[in-house]
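Before any comments, here is the structure.
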Amino acid sequence: MSFQTDTVHAGVAPDPAYGAIMTPIYQSSTFVFEDIGRHKGFDYTRSGNPTRKALEDNLAALEGCSFAAAVTSGMAAIATVMHLFRTGDELICTDDCYGGTARLLKTLQEQFGLIVRFENLRNPGRLEQLITPATRAIWIETPSNPLLNLVDIEATAHTARAHGLLTIVDNTFLSPYLQKPFNLGADIVVHSTTKYLNGHSDVIGGALLSNSRELDERLKNLVNTLGTGAQPFDCWLVLRGIKTLVPRMKEHLANAAKIAEFLDGHRNVKQVFYPGLPSHPQHELARRQQNGFGAMVSFEIDGGIDNVNQILKRTRLFSLAESLGGVESLIEHPATMSHLSMGEDHRRKAGISDTVIRLSIGIEDPDDLIADLDQALGENKKTGDVVQ
Ligand SMILES: *Cc1c(COP(=O)(O)O)cnc(C)c1O
């Protein structure tokens, strides 16, 4: 079946009890045994639940892999994966990763002796020199947050495999509709389903996926042992959100392209970060590796933090909030919001300056979104007057 058909149908079937076309919410902690050692496939919701299973089967079909676990948040997915490693193991992670990922990895380094190195992985040839005998895995986020830098998944996974390392990809920013890491050699994919997969800013959820029997077993066991499995109602919401993933993404993409172009030509904007712009240094890689450029657009403005503040206060349609991937447009300031926990030194190393603003482009009318940004940027372009 095509991806679009799978978003609606994979993993779900009319309920055998009453024929309900929508997957029921099995809000039950436990399931009755028919006999010693005999039940209908589920015994306890931490270990498995029919609503969660429907979502997991759907997610595995969309990513094109053998195993999916729906967990309570994107961070739960990442924390669960980290339990594959032990003290002294080394992980090489993209330097401009999600702030929460950086915080978790630093905690594991300080408290449990995992060796974590945050590196610029944009040049795949560099990876070879970074690998040490202790390295066990490469953690990729592409495009990255908030600067939309790309990592070549195929080249990275190729080098990693030659050294017996795992390649783990956080695919949250694009969703499986726009990027398929398993086809490029990834071993594990994680998602914050909070973002595009659910798409309606009304649930926190995550997923971890893999494509080898050995990893499937280990990850499944970890989800059950740690208790990170998602709740039935949350799974139902995400399953419902995924049914409209493709039409939503098409609107997100069209809007983001228009807004990136608008910002790129704006006098008060110093630089636009968007892989869809031909000026983006990795535009060609984005064309090759992704099926679309995504709907996150970041930009750096001229001036200082006061100017940033003014813009953030002035937008009416773009709400000042963290998160991304919902139908409504959001604006945020990475240095004091999403990437605050990363710390100033790490931010500077990753190139995330205090005058970078990040947009999550929703599915509103693009003309309304552009008009809102135009007035917020403080310049009346018709007369050339600066509005104060
Ligand atoms: C939001 C996000 C996470 C964390 O997900 P939660 O659902 O908030 O726990 C991880 N990675 C990326 C890229 C994200 O955007």
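Note that ligands are numbered from 1 as they come in the structure, with each ligand's atoms numbered from 1 the same way.
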Residue [X] vicinity, atoms of ligand 1 by number, heavy atom under 4.0 Å:
| X | result |
| --- | --- |
| D170 | 10 (C), 11 (N), 12 (C), 13 (C) |
| L324 | 15 (O) |
| G205 | 7 (O) |
| T194 | 7 (O) |

SB check K53 D57 (cutoff 4.0 Å):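 Yes.
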Min N/O separation M75 to ligand 1 under 3.5 Å: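 Min N/O separation from ligand 1 is below 3.5 Å for M75.
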Contact (N/O only, under 3.5 Å) between S192 and ligand 1: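 There is such a contact, yes.
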Geometric cation-pi criterion, K258 with F293: 6.0 Å, 45°: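 Geometry flag: not set, cation outside 6.0 Å or 45°.
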Six-ring centre of F118, K106 cation under 6.0 angstrom, axis tolerance 45°: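 Yes, a cation-pi geometry.
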Closest candidate by heavy atom, reference atom 1 (C) of ligand 1, pool M296, E141, K195: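 The option holding the nearest heavy atom is K195.
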From CA spacing to verdict: ring-ring contact (aromatic ring centres under 6.0 Å, His included), H39, F31: CA-CA 8 Å; H39 54 66; F31 296 83; 8.5 Å; no
Nearest protein heavy atom with distance in Å, relative to atom 6 (P) of ligand 1: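 Heavy-atom neighbour on the protein nearest atom 6 (P) of ligand 1: G74 N, 3.3 Å.
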Atom 8 (O) of ligand 1: the protein heavy-atom neighbour that sits closest, reported with distance to 0.1 Å: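 The closest heavy atom on the protein side is Y98 OH, 3.9 Å.
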Parallel, tilted or perpendicular, as decided by the 30° and 60° cut-offs, for the rings of W236 and F233: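 Parallel.
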Heavy atoms from other residues, nucleotides or ligands near NZ of K180 exceed 12 (cutoff 6.0 Å):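 Yes, enclosed.
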Any A77 heavy atom less than 4.0 Å to ligand 1: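 A77 does not count as a contact of ligand 1 under the 4.0 Å cut-off.
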Passing option when L263 is tested against V269, L277, D374, I370 for side-chain contact (heavy atoms from CB on, under 4.5 Å):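 The side-chain contact (heavy atoms from CB on, under 4.5 Å) with L263 is passed solely by V269 among V269, L277, D374, I370.
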